[in-house]
Structure formats: structure tokens, C-alpha cells
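Okay, structure first, notes after.
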Amino acid sequence: MADKYEQVLELAKRRGFLWNSFELYGGTAGFFDYGPLGAMLKRRVENIWRDIFVINEGYYEIEAPTIGIEDIFIASGHVGGFSDPLTECQKCHEDFRADHLVKDIIENPDTLSSEELTDIIGKNNVRCPECGGKLGNVYEFNLMFKTAIGPGGKRIGYLRPETAQGMFVDFPRLVKFYRDHLPFGATQIGKAYRNEISPRQGVIRLREFTQAEAEIFIDPRDKTHPKFKEVADLAMNLYSQNGQVSGETTKMSLGDAVKNGIIAHEFLAYCLAMTYQFLVRVGVSPEKLRFRQHMKDEMAHYAADCWDAEILSDRFGWVEVVGIADRTDFDLKAHAKQSEKELSVYVSYDTPRKVQKFVVKPDMGVLGPMFKGKAGKVANALKALRPEELSGDVIEVTVDGEKIKIDKKSVKFETVTEEIHGENIIPHVIEPSFGIDRITYSLLEHSYFEEETKEKADDEEEENEGKRIVLRLPPEVAPVQAAVLPLLSRDELRKPGNEIVGKLRKAGILVAFDDSGTIGRRYRRNDEIGTPYSITVDYRTLEDDTVTIRDRDTMKQVRAPVSDIEKNVYDLIYRGKSFDDAGKGI
RNA sequence: GCACCGAUGGUCUAGUGGCUAUGACUUUAGCCUUCCAAGCUAAUAACUCGGGUUCAAAUCCCGAUCGGUGCACCA
């Protein structure tokens, strides 16, 4: 029996959701095309993400290049850290992590170069742990695609392995755009690239994939969220660090999770809520969704807390689709160091603070002529002294190893009170990072149903069992939103059908017109691609200007007027209008 | 990357050295047809790619590609 992945992918290929890329030339692992329906579906998923993060939270979207220069990825750690030193056994051709093999011999093997690792393996006669064979030279396998910028190959570029760096690199501009106020956020939806060693699992692990990421910069001293109250009662499946030790998932409200210290703070919890609402809205089943906290040893050393949204898939088990991390100031600090620019925000205090400050004022009128070229250094040495060191009649400082005595008359000092209005702080970054392809696949799988239908053969008593494949996509994400079907393929029914198509299109609804074959077949075809509503034109339409609307999930029909059909259908799709209110039951 | 298994119209499939490569479903055109894939007529459409063995290869051998599984890697 085919498993669900196989069924979903078969349907996805056949009906134009997902295709293997480059199939004409035999295909290449790790790449997928979105067909006509898939591309529309994915776009709708992205637009719901925009609705939540950009429109409702105000985290504006930016668009940075998919190619990045080397500095960016040196700062981010991808040049050094996104690769593994591998060594291959010459006998059994098994690959091993070279740093893992020598970790009993050497203290910090991950700091060594490939050459050094090769050397150590040779000197200590490290053999293949599988067959005892000789190991080959150590080589670095970096998961980034490398390219050259401009002719000559002098400037190295990399295809970005994540969209996040774009927001970090634009940080100084973003601070100004948001008028020097925390918190603020920027988002990006776009392609990222990782040259996976061996991509499997179809659309779950791709070499080119789409991420939707938000980088939200917050004040490290205040990780509350103003809208947290709105989501505090939302209960979801939490698989915390303690839960993973005991193997238990707990359904808990976010308010309680923050109160009990399970989720580090409100802001992170609020991101979990947005994630939950997004995933459920696009069609992921809530009962097949959990949030798993990273274990301490799994979390990056700089991260304060990190949760993955995981979706249960029939074949792959729990699949990570979103990562939500408090990355603290790690990324901004790293880019500040690499670029030698200050990446901070000036934050003013509510009330200016008075600070007692000890100030030394050397009398340069005396010291200048006395020390000439050395005077500046002497003055700086004096300024660095503490009050007790200035108490004697003669003050002694050391400049360039030379002890210099200065009369106390040449140095004044006092304690002054200064008003400080604020300070420069490095914001902390909350990063929700979504794998759009995995989410799109997951919602297809969760929407996929095969139903047994009992049909009575015309004259016979016996019941034939048939199969109905239906994609129960939320109407908002369904690629084709309505089908217009003349009951019979006759001109007198086609014509009003086409008029309805025109009205729906003007209202921005993607509509398909289909008059081929029997009506039942056309309903089934639309069920299979998840079209939520089918509008059927029959002979009564010609009499009283009404049509039937069929609900995909229940196969129920109502009768509704043609006059406001576009508003009716629009409300069904976008406004949550209930189907029973769409017309008279039949 | 390694090992094992597999690959025939859009989908499922027959074919195990020898005629024009089976069949079903789908699709298209038409007929029929007043609401849930099944009526009639016709049409379109396939041996993953490259090399070898042979008079002759979809079939046997080698290699590649893709897919599946396990290992490794990855999150």
C-alpha cells in the first residue's frame, strides 16, 4: 500500500503542484519546480505570512540579493562553520568526520585546518573505524554554493544559505527607517541555497528552497510583548526540554508556559503564537503540530532559547518547519566586528540619570611646555588615575616605562554630576524562520483525504464502492478558488456560465470554467485540486437567475442568485461566511 | 559519498532476446446526458540516458542519472 507521501506526490505531479526539476534532462536531486497550481498555492501561503508579519505586526519586508559577498559569511560563521572536514577510507570508501576521529588525541580538533587534521591522522596512525583501512586526505565540504563576482574570479561570492543575513547587514539603514526606536523588525521571503551532500525526502530537503524570515530587534532589558495578553490563553502542544527527557508533550497555554519559565519570555512566546496561527490558517492540522524546545546542548551557545515548530508527516515523522530563536546580540556583534562599524541603537532613558563622575583636569598650560611631544601621553595617564592616586603632593605616572613626577598644582580634579539621557545598546534578535516548501508540502499532506463513496448503480441494488480524493485546503490558500460548471455542455448554459466567470474574475477570484464530460467527473476533478466551491449553471438558471454552489468538503449544495454571486463567493473564501448562509439549502 | 533494490504513455501496469510493445484509467474531439468520476465512437501518448554483447536488446552486461531503503551527512 502506497504511503501518504507517495499518494500526495503522485497527485501533486499529476495535477501540476510539484514537479521534479529538469525532468526533461533526467532530473537532479534536491530541486523541485512548482507547477501552475503549486506556484499559486505557495504564493497564497506566502501572502498569508505577509498578512501576519508585515501587515499586522508591521515588520516591513525587504529584498536583498541571493548572492552575498565573502565578508557577510565570514561574519555569520558560514565560511568557517558551515562546512565539515571529511576524510574518506581508501578501502571501504566510507566518509568520516575527521575532527570526530581525532578528538581523543587533540583538545580542540574543530579549530584545526584540513592539513593539520591530515597530519595528525597520519602521525597517530588513525585508521578507518569501520574496516581499519587507510584514511585519505582531509577535505572541507562547505555547504554553501560558491561563485565568482565579476570577471577574473577574484571576488568570491556565495549563494546565501539563509535570508537572515540580509536583514542584519541592512541594520544601520533599518534603524534609521524605524526612526531609532526599538523594537522593530524586518522580514524577507526568498530563496536560500545549501549544497546538501545527499538530499533525500523529496521536497523536505532541497538544495534551493524558500525561507520566510523575520528578524525582530528588541531591547535586551525588556522582552515583554505589548500584545501578549491577546495570545496568553492560546494553548498548544509544547515539547519542552523536560518534556523530551520524560517523552511527554504537554498542551499548555502560552501564559502558563511563560509564567512557569518553560518559554524564556513573552516575546518569544508571542512568536510561537504567530507561528501557530499562521500554520493552522494555511491548513496544517493543529493536532499534528507541536513546538519542540532545543535541548541545551543542541542550542547555539549564544541563544537564549529556541523552539522549533514541528509537523507530523506520515512518512517522515516530526519534521521541523519553523525555528524560533532568541539569538541575543550574536549576529549584530559578529557583523560589527567584521565590518568595524558600530551596530547599536541609542535608547533614551525615561528620566535622565544623574551620574557621579570623577574628572581629572591636567593643566596643559604647564604640562605642555614641560613635556612637549610627550604631553598628550602624560595627560592621558593622569586622566586614568583614581582619586587616591592623586592625593599626594607629588603625583607619579608611568609613561612609556618612564616614571614621571608631577607637582599636584599642575593637576586639578573634581567629582562632577553629569546627566545622562540614554545609551547605545546592541539589540537582541528574535528570529522566527520558516521553511515555506516544507510547510507547503505539509499542508498538502494534511489536506489530502481519500473517501470511500457509496454509489448506487442506476438500476441495480448493489452498491459500488468508489474513491473520492479531496484536498481539504482552506479556501484562502486553494489555488483555484471557484469552478463554474454548466450542467450540460450546451450553449444556452455555457453563456450564463461565462458571464459568471467574468464577474468572479473582476472580484479577484481565480476561477476555472469546465464543461467537459459529465458533471460528476468535473466535481471530482475539482475536489482533487482543492477547489472549495463549484458553481453549477442549470436550466433553472435561465428561469430565475439562480445557480447552485457546491461545497467541496460536504458535497452539499445551496441555491443562490447570480446577481451578487461574486460578493457571495468572496465572502465565503475570505470573510469566513458560513456555507449555509450562502443560499437556500437544496 | 557507500551498499542494496527499482525505473515501460500523464497514472497504474503486461511483456524475461525475435512481428506494428499489452491493457486499464486519465486526457482530447464528437455523440449522449437535467447534479457527484463507470454509456458510445474516435484520437493522442511510453521502453530514463550512454556504451557493450548479439543477426536481433524494453529484456543480458557495464556505467551514469533519478527514485526508494539503510549507513554517513544535514536540521
Side-chain angles (χ1 to χ4, degrees), chain A residues 2-3 5-7 9-11 13-16 19-31 35 82-89 91-97 100 128-131 136 139 141 143 161-162 194-202 204-207 209 292 294 298 300 306 308 310 315-316 318-323 433 435 438 451 453-458 460 464-470 485-490 493 516-528 534-542 547-552 554-557 559 586:
Chain A
D3 71 359
Y5 173 81
E6 224 169 302
Q7 295 172 318
L9 230 69
E10 191 272 315
L11 171 70
K13 276 184 187 169
R14 192 158 43 81
R15 301 312 302 266
W19 294 325
N20 281 100
S21 294
F22 325 125
E23 229 175 1
L24 183 63
Y25 293 101
T28 299
F31 296 96
F82 205 53
S83 66
D84 297 311
L86 297 182
T87 178
E88 190 185 327
C89 171
K91 203 168 133 202
C92 69
H93 300 289
E94 199 76 37
D95 276 303
F96 299 96
R97 286 280 295 271
H100 289 182
C128 169
E130 287 288 313
C131 72
Y139 63 98
F141 185 82
L143 262 28
E162 58 176 25
R194 294 180 188 179
N195 200 1
E196 299 286 352
I197 296 171
S198 168
R200 296 268 182 84
Q201 311 171 325
I204 299 296
R205 260 179 81 205
L206 297 169
R207 288 190 165 118
F209 55 102
R292 188 181 71 82
H294 278 207
E298 179 184 7
C306 184
D308 287 344
E310 297 184 326
R315 178 183 284 194
F316 307 115
W318 289 100
V319 176
E320 176 199 340
V321 297
V322 186
S433 170
R438 288 181 173 190
E451 293 179 349
T453 55
K454 286 181 182 161
E455 288 161 25
K456 279 198 175 148
D458 269 359
E460 321 271 317
N464 294 340
E465 283 206 325
K467 199 173 70 173
R468 179 170 92 114
I469 295 175
V470 53
L485 316 167
L487 186 59
L488 302 171
S489 50
R490 288 179 182 161
L493 297 181
S516 75
T518 61
I519 186 71
R521 172 169 305 198
R522 285 176 275 158
Y523 285 147
R524 293 304 162 85
R525 241 199 313 252
N526 278 293
D527 289 341
E528 225 179 39
S534 294
I535 294 156
T536 307
V537 179
D538 56 19
Y539 278 96
R540 203 172 135 190
T541 308
L542 304 180
V547 287
T548 64
I549 307 176
R550 169 187 179 270
D551 178 56
R552 173 197 66 202
T554 60
M555 299 198 282
K556 277 189 194 155
Q557 287 183 302
R559 192 136 204 125
I586 293 170

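Each chain gets a letter, A, B and so on, in the order the sequences are listed, and its residues count up from 1.
Test A:Arg468, A:Arg522, A:Arg521, A:Arg15 against A:Asp527 for salt bridge (charged side-chain N to carboxylate O under 4.0 Å, His left out) and you get one pass: A:Arg468.
In this entry the distance linking CD of A:Glu6 with C1' of B:U69 reads 12 Å, nearest Å. Atom-to-atom, CH2 of A:Trp318 to P of B:C74 comes out at 25 Å; the value is rounded to the nearest Å. Atoms CG (A:Leu9) and P (B:C12) sit 11 Å apart, rounded to a whole Å. Protein atom CG of A:Asp538 is 17 Å distant from nucleotide atom P of B:U33, rounded to whole Å. Atom CG of A:Asn526 is separated from atom C1' of B:C35 by 14 Å (rounded to the nearest Å). Between A:Phe22 atom CZ and B:G67 atom P there is a gap of 12 Å when expressed in whole angstrom units. Per the geometry, CZ belonging to A:Arg194 stands 12 Å off P belonging to B:C74, to the nearest Å. As rounded to whole Å, 8 Å separates atom P of B:C66 from atom CZ of A:Arg207.
Look at B:C73: it lacks any Watson-Crick or wobble partner with both distances under 3.5 angstrom. Under the Watson-Crick or G-U wobble criterion, with both distances below 3.5 Å, B:U33 is left unpaired in every strand shown. Shown here, B:C4 forms a base pair with B:G68; the pair counts as Watson-Crick or G-U wobble because both key distances fall under 3.5 Å. Pair assignment for B:G18 gives B:C55, based on Watson-Crick or G-U wobble hydrogen-bonding distances that are each under 3.5 Å. B:A42 is paired with B:U28 under the criterion used here, namely a Watson-Crick or G-U wobble arrangement in which both key atom distances are under 3.5 Å. Under the Watson-Crick and G-U wobble criteria, each requiring two contacts below 3.5 Å, nucleotide B:C49 is paired to B:G63.
Residue contacts for A:Arg315: at a heavy-atom cut-off of 4.0 Å it reaches the sugar-phosphate backbone alone, with no base atom in range. At the heavy-atom level, A:Glu310 lies nowhere under 4.0 Å from the strands shown. In this structure, A:Arg205 reaches the bases: a heavy-atom distance under 4.0 Å links it to at least one base atom across the strands shown. Among the atoms of the strands shown, none is found under 4.0 Å from any heavy atom of A:Glu162. At a threshold of 4.0 angstrom between heavy atoms, the contacts of A:Arg550 include nucleobase atoms, whether or not backbone atoms are also involved. Heavy atoms of A:Thr548 sit under 4.0 angstrom from at least one base atom.
Among the nucleotides B:C74, B:G68, B:C36, the one closest to the side chain of A:Glu196 is B:C74. For A:Ser516, whose side chain is taken as the heavy atoms from C-beta onward, the closest listed nucleotide among B:C35, B:C36, B:U28 is B:U28. The side chain of A:Arg525 has B:U28 as its nearest neighbour among B:C35, B:C32, B:U28. Residue A:Leu487 places its side chain closer to B:U34 than to any other of B:A37, B:U34, B:G67.
At a threshold of 4.5 Å between non-hydrogen side-chain atoms, the residues A:Arg552 and A:Asn526 do not count as touching.
At a cut-off of 3.5 angstrom, counting only N and O atoms as typed in the model, there is no donor on one side facing an acceptor on the other between the side-chain of A:Thr518 and the base of B:C36. For A:Tyr523 and B:C35, a side-chain-to-base donor-acceptor distance below 3.5 Å is present, hydrogens and geometry of angles not being considered. The base of B:C66 does not come close enough to the side chain of A:Glu23 for any donor and acceptor atom to sit less than 3.5 Å apart.
Annotation: B:G63 and B:C71 have their P atoms spaced 25 Å apart (nearest Å). B:U44 and B:U28 have their P atoms separated by 16 Å, with the value rounded to a whole Å. B:A64 and B:U27 have their C1' atoms separated by 33 Å, given to the nearest Å. Nucleotides B:A42 and B:C35 place their C1' atoms 28 Å apart, quoted to the nearest Å. Look at the P atom in both B:A14 and B:C66: the space between them is 26 Å, to the nearest Å. Taking the C1' atoms as reference points, B:U11 lies 22 Å from B:U65, given to the whole Å. B:U34 and B:C25 have their P atoms separated by 24 Å, given to the nearest Å. As rounded to the nearest Å, B:U26 and B:C12 have C1' atoms that lie 11 Å from one another.
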task = Step by step, work out the salt bridge (charged side-chain N to carboxylate O under 4.0 Å, His left out) result for A:Glu23 and A:Lys13.
result = CA-CA 12 Å; A:Glu23 229 175 1; A:Lys13 276 184 187 169; 5.2 Å; no
Evaluation steps, side-chain contact (heavy atoms from CB on, under 4.5 Å), between A:Arg315 and A:Glu6 = CA-CA 9 Å; A:Arg315 178 183 284 194; A:Glu6 224 169 302; 3.6 Å; yes
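Positionally, the nearest nucleotide of RNA chain B for A:Gly202 lies more toward the 5' end than for the other of A:Gly202 and A:Asp308. Residue whose closest nucleotide on RNA chain B sits further toward the 5' end, between A:Asn20 and A:Glu10: A:Glu10.
The backbone N or O of A:Met555 sits nowhere less than 3.5 Å from a side-chain atom of A:Arg550 that would complete a donor-acceptor pair.
Between A:Asp551 and A:Lys556 there is no salt bridge, since no side-chain N of the basic residue sits under 4.0 Å from a carboxylate O of the acidic one.
No hydrogens or angles considered: nothing links the side chains of A:Arg207 and A:Ser21 as a donor-acceptor pair under 3.5 Å.
Taking side-chain N and O atoms only, A:Arg521 has no distance below 4.0 Å to OP1 or OP2 of B:C36.
Pairing each heavy atom of A:Thr536 with each of A:Val547, the nearest pair is O-CB, 3.5 Å.
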